[in-house]
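In the text below, chain A, chain B and the rest are named by the order of the sequence lines, each starting its count at 1.
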Amino acid sequence: MVAITLPDGSVRRYPNPITGLEVATDIGPGLARAALALRIDGTMRDLTTRLDQDTAIAIVTAKDGDDALELLRHDTAHLMAEAVKELYPETLVTIGPSIENGFYYDFCRPTPFTPADLPLIEERMRQIVERDEPITCEIWDRDAAVAFFQGLGETYKAEIISAIPAEQKITLYRQGNFIDLCRGPHLSSTAKVGKAFKLMKLAGAYWRGDSRNAMLQRIYGTAWFDKKDLDAYLHMLEEAEKRDHRRLGREMNLFHQQEEAVGSVFWHPAGWQLWRTVEGVIRRRLDANGYVEVKTPQLVDRRLWEASGHWEKFSQSMFLATSGEEELQLAIKPMNCPCHVQIYRQGIKSYRDLPLRMAEFGSCHRYEPSGALHGIMRVRAFTQDDAHIFCTEDQITSETIAFCELFKTVYRDFGFDNVRVKFSDRPEKRAGSDETWDKAEGALLEAAKAAGLETTLNPGEGAFYGPKLEFVLRDAIGRDWQCGTLQVDFVMPERLDASYIAEDGGKRRPVMLHRAILGSFERFLGILIEHFAGRFPVWLAPVQVVVATIVSSADDYALEVLGALKAAGLRAEVDLRNEKINYKVRAHSEAKVPVMLVVGKREAEIKSVAMRRLGGSEQEILALDDAVAKLAEESKPPA
RNA sequence: GCUGCCGUAGCUCAGUUGGUAGAGCAUACCCUUGGUAAGGGUAAGGUCGAUGGUUCGAUUCCAUUCGGCAGCACCA
């Protein structure tokens, strides 16, 4: 006798052990059809799992959201592997997990896949779905499984099995003629995958994620429970492409990049205006929060980088400067901290000087790998909104709290409300003793807790000199971006010999907190462009208002309006071209100017303007003075 | 850096099975003075990413190289 408890608390009793699928069938044929898997103790299990003792189960259907999608995507990955093995039997299979929005599978084969292969594989996948092949789980002996895959020539699979801890069961899943090592769970049949999937792209990927290993062929796909969801996802991708900052940068004439300066940005007037607006926000906040601003040299002798430890770890990605005249040992600075320590070291510091918050809009250069470059989001020449807080150990907590308040305010100003925090602890390659790291990690975690932050652990991802908090914001279309950071550093002050005189007259080491709110201007501006899809709020927009005439007899008045706007501090332009108003409205709408003031004969006569908002179809007739006052108010950046 | 794909006018793209190229938009000029997302006409605009090779002849074929895109690896 087994008693099966369902989520609603009801209990069903059966005389003999029973499978989840049988329970579902017993409840109703509709549920049996919809059933995908079971959840037992919070773990997903196969629908065919045999229940031989009293158990509480939930039957998972497509309505179960992420869990169900993960299952589906994992199955679609297997389905793809089966199709690939049928079409290209010489291909070796490796792993194929579900990921956000879809799945991938890594294959090994002598000749790479081409984009033309994708539709063929997709078609075969549909055929396998129609075949309705049952997916069954088998428990194998480890040695037998290794021998089995070796026998098939599937060396990667054999290697994976060998690496599974001895106490774990080896489960293989069989569908048709395809058999794969897998932890499961899986759907009960290939038919349950349905047809709302699509293979998206080909890419290379290193075996086990290590660049020293062979490169495999990865195929990415997306999978959903119904076609509507698939279409919605594909539509979302199209929308994301439309707001790509590289495209908008060109269309809105914000910046450009070219071969002669790979990894750098040519900022055009409009883009630079955006930069200056953002910089202004940060500068005002720094001033209001007790920071001092400095500027440090671009070229710094290699000795300083050797002393700081950066040379040892990063010399490969530092630019070196030579003069042609003599042997120079200068590096173009890849970061600002050692320079800030030099300013700190001028004169004797007292505990009364701490915390000393030293900020710089620091222009840095790093030779990033070519493949890492991406528009203005990842460049070789960038400007950080950097600052280093020199403080005592006792001040770490209060400084962390103050910084968290600061970045939240700034992010909110730019329209980002959703921010998560990651805590990255000691990496393998690091400076400083274990005791120092214990202290730094402990202090940072405690401070994060005191600041009311919930953190998720990012193991081994800290900087070489200390642990970090990383601030991840979510943009308007749900993508996550890591921007801000706060890092505790006990190492750099030691290496570069920074000290202060404590209350008792003794000499002490300060702690350095490295912190940035935006990260780099280039990256943050790229994110802003994509977040707003180029439709900036008035205070951020490079051009805030365009005055457009309907007839040339209104030209003089239009210039008067322009003058009034400029006098009120607005970034305004005038369009007197010999074009119809329809044309002008379209042109400036496409340029994403937030406000248009249209003037014709009527407006010129009574000194009014017809105000039109980007994307709207309404017009508002206002007296010139009122319009200017209203826009001046709207265009104020956050205080 | 690695794997794959791509590089034709300012932009989006067509084309040449090897005989040095075409459209739309944008630009300039002319006509049009028009009331809220493209009025009409004319013109100008390209050593087809670069270098080398094969060829009577290369934008087209081959090699190398630079740059871009997607992913991987990297990210002080």
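Side-chain nitrogen and oxygen atoms of A:R523 include none within less than 4.0 Å of the OP1 or OP2 phosphate oxygen of B:C75. A sub-4.0 Å separation between OP1 or OP2 of B:U33 and a side-chain N or O of A:Y583 is absent. A:R586 has no side-chain polar atom (N or O) that falls below the 4.0 Å cut-off from OP1 or OP2 of B:C25. Residue A:R612 has a polar side-chain atom (N or O) positioned under 4.0 Å from OP1 or OP2 of B:A37. Within the 4.0 Å cut-off from OP1 or OP2 of B:A76, not a single side-chain nitrogen or oxygen of A:K429 is found. Contact annotation: A:R250 reaches the phosphate of B:U12 (side-chain N/O to OP1 or OP2, under 4.0 Å). Between A:S552 and B:U33, a side-chain N or O to OP1/OP2 separation shorter than 4.0 Å is absent.
Taking atom C1' in both B:G19 and B:G57, the straight-line distance is 7 Å, to the nearest Å. Atom name C1', nucleotides B:C74 and B:U3: the rounded distance is 16 Å, in whole Å. A distance of about 44 Å separates the P atoms of B:C29 and B:G71, rounded to the whole Å. When the C1' atom is used for both B:G4 and B:C13, the distance is 23 Å, rounded to whole Å. B:G7 and B:G49: their P atoms are spaced 8 Å apart (whole Å). A gap of 25 Å separates the C1' atoms of B:A43 and B:G34, to the nearest Å.
The side chain to side chain donor-acceptor pair (under 3.5 Å) pairs that include a residue from residues 90-100 of chain A are A:E90-A:R109, A:T91-A:R109, where partners are two or more places apart or lie in different chains.
Here A:A372 lies in heavy-atom contact (under 4.0 Å) with a base.
Across every strand in view, B:U36 sits unpaired, with no contact that passes the Watson-Crick or G-U test at under 3.5 angstrom. If you check B:C69 for Watson-Crick or wobble pairing at under 3.5 angstrom, you find it paired to B:G4. Pairing for B:C75 is absent, with no Watson-Crick or G-U wobble pair whose two atom distances lie under 3.5 Å. Base pairing analysis places B:U64 opposite B:A50; the two distances defining the Watson-Crick or G-U wobble pair are each below 3.5 Å. In this structure B:C11 sits in a base pair with B:G24, meeting the Watson-Crick or G-U test at under 3.5 Å. Across all strands shown, the partner of B:G19 is B:C56, judged by Watson-Crick or G-U wobble contacts whose two distances both fall under 3.5 Å.
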Query raised in the report: salt bridge (Lys or Arg N to Asp or Glu O under 4.0 Å) between A:E368 and A:R378: does it pass, once the steps are laid out?
Result: CA-CA 8 Å; A:E368 302 287 2; A:R378 185 85 183 268; 3.0 Å; yes
**Report entry** Stepwise salt bridge (Lys or Arg N to Asp or Glu O under 4.0 Å) check, A:E159 with A:R208
**Finding:** CA-CA 11 Å; A:E159 189 182 328; A:R208 301 207 146 152; 3.2 Å; yes
**Report entry** salt bridge (Lys or Arg N to Asp or Glu O under 4.0 Å) between A:R479 and A:E239, intermediate numbers included
**Finding:** CA-CA 13 Å; A:R479 295 172 305 177; A:E239 291 301 309; over 6 Å; no
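Cation-pi geometry between A:K429 and A:F464 is not met at under 6.0 angstrom from the ring centre and within 45 degrees of the axis.
At whole-Å resolution of the value, NE2 in A:H374 and C1' in B:A73 are 17 Å apart.
Between A:F382 and A:P334, the closest heavy-atom pair is CZ-O, 4.4 Å.
For the contact set between residues 591-604 of chain A and RNA chain B, defined by any heavy atom under 4.0 Å, the members are A:V598, A:G600, A:K601, A:R602, A:E603.
With hydrogens and angles ignored, the 3.5 Å screen pairs a side-chain donor or acceptor of A:R612 with a backbone N or O of A:G616. Of the possible donor and acceptor atoms, none in the side chain of A:K592 sits under 3.5 Å from a partner among the backbone N and O of A:L614.
With hydrogens and angles ignored, a donor-acceptor pair closer than 3.5 Å exists between the side chain of A:S317 and the base of B:A76. In terms of polar N and O atoms assigned as donor or acceptor, the side chain of A:R378 comes within less than 3.5 Å of the base of B:C75 in a complementary pairing. Donor-acceptor pairing under 3.5 Å, judged by distance alone, is present between the side chain of A:Y206 and the base of B:G1.
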